[in-house]
Amino acid sequence: LKETYTVTMVSSGQAAIDSARMNRPDLILLDYMMPEMTGKETLEIIRKDDELKNIPVFFLTGVSDRTKISECLKLNPSGYILKPIGKFSLLARIRAFFEENELDNL
């Protein structure tokens, strides 16, 4: 992704929240399984935070358990992408999201 976008990587859900507060990103990619808290727990905090709640969040994860996916989808992420996914497929999904939302804002 670094070839196309400015990317900041962090190692935990809390670090993602802290980083997003300092440098509001255009998009957050979360894994479900992360240190300290899950991606679902991280997204719950993001959705409750007035500064962060409107940032688009995608799950990029290998977690394919239907129950866990359903719990995440209740939080209205902008997408749920299962790993493994190729570089070009991931870039296409992100690009399509931004193009679609750009049209929505016209």
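By convention here, the first residue in the shown sequence is residue 1.
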Notebook entry, point to check: Out of curiosity, Ile17 CD1 to Glu36 CD, how far, rounded to the nearest 0.5 Å?
Noted result: 9.5 Å

Notebook entry, point to check: Looking at Leu82 and Gly62, what are the two nearest heavy atoms and their distance?
Noted result: CD2-C, 4.4 Å

Next item on the list: Kindly work out whether a path of hydrophobic side-chain contacts (I/L/V/M/F/W/Y, heavy atoms less than 4.5 Å apart) joins Val57 to Ile81.
Entry: no

Checklist line | Partner set under ring pair (Phe, Tyr, Trp, His ring centres under 6.0 Å) for Phe58, not counting sequence neighbours | finding: Phe97

Next item on the list: Count the heavy atoms belonging to other residues, nucleotides or ligands that lie under 6.0 Å from CG of Asp26, then report whether that count exceeds 12.
Entry: no

Distance-only donor-acceptor hits, side chain of residues 3-16, under 3.5 Å, sequence neighbours excluded:
from	atom 1	to	atom 2	distance (Å)
Glu3	OE1	Lys87	NZ	2.8
Glu3	OE2	Lys87	NZ	3.4
Ser12	OG	Ala15	N	3.1
Gln14	NE2	Asp18	OD1	2.9

Next item on the list: Determine whether Leu73 and Ile45 fall in the same hydrophobic cluster, where Ile, Leu, Val, Met, Phe, Trp and Tyr are linked whenever their side-chain heavy atoms lie under 4.5 Å apart.
Entry: yes

Check: Should Met37 and Phe59 be counted in the same cluster of Ile, Leu, Val, Met, Phe, Trp and Tyr side chains packed under 4.5 Å apart?
Finding: yes

Next item on the list: Please name all residues satisfying side-chain contact (heavy atoms from CB on, under 4.5 Å) with Lys83, sequence neighbours left out, ordered by chain then number.
Entry: Asp31, Leu60

Notebook entry, point to check: Do Leu90 and Ile69 belong together in a cluster built from hydrophobic side chains that touch within less than 4.5 Å?
Noted result: no

Notebook entry, point to check: If you group Ile, Leu, Val, Met, Phe, Trp and Tyr whenever their side-chain heavy atoms sit less than 4.5 Å apart, what else falls in with Phe88?
Noted result: none

Notebook entry, point to check: If you take all heavy atoms of Asp50 and Lys53, which pair is closest and at what distance?
Noted result: OD1-NZ, 3.2 Å

Check: Of all residues at least two apart in sequence or in a different chain, which pass the side chain to side chain donor-acceptor pair (under 3.5 Å) check with Glu51?
Finding: none

Next item on the list: Sequence neighbours left out, what passes side chain to side chain donor-acceptor pair (under 3.5 Å) with Lys40? Give chain and number order.
Entry: Glu44

Check: From Leu30 CG over to Cys72 SG, what is the distance, rounded to the nearest 0.5 angstrom?
Finding: 9.0 Å

Item checked: Any donor-acceptor N/O pair, Arg47 side chain to Leu75 backbone, under 3.5 Å -> yes

Checklist line | Heavy-atom check, side chain of Ile94 versus side chain of Leu1, under 4.5 Å | finding: yes

Next item on the list: Decide side chain to side chain contact (heavy atoms under 4.5 Å, CB included) for Tyr32 and Leu43; before the verdict, give the C-alpha distance in whole Å, the side-chain angles of both, and the deciding distance to 0.1 Å.
Entry: CA-CA 10 Å; Tyr32 187 92; Leu43 184 53; over 6 Å; no

Check: Taking atom CD1 of Ile85 and atom CZ of Arg93, what is their separation to the nearest 0.5 Å?
Finding: 6.0 Å

Item checked: Residue pair Asp49, Arg21: steps toward the side chain to side chain contact (heavy atoms under 4.5 Å, CB included) verdict -> CA-CA 10 Å; Asp49 187 308; Arg21 285 182 179 141; 2.7 Å; yes

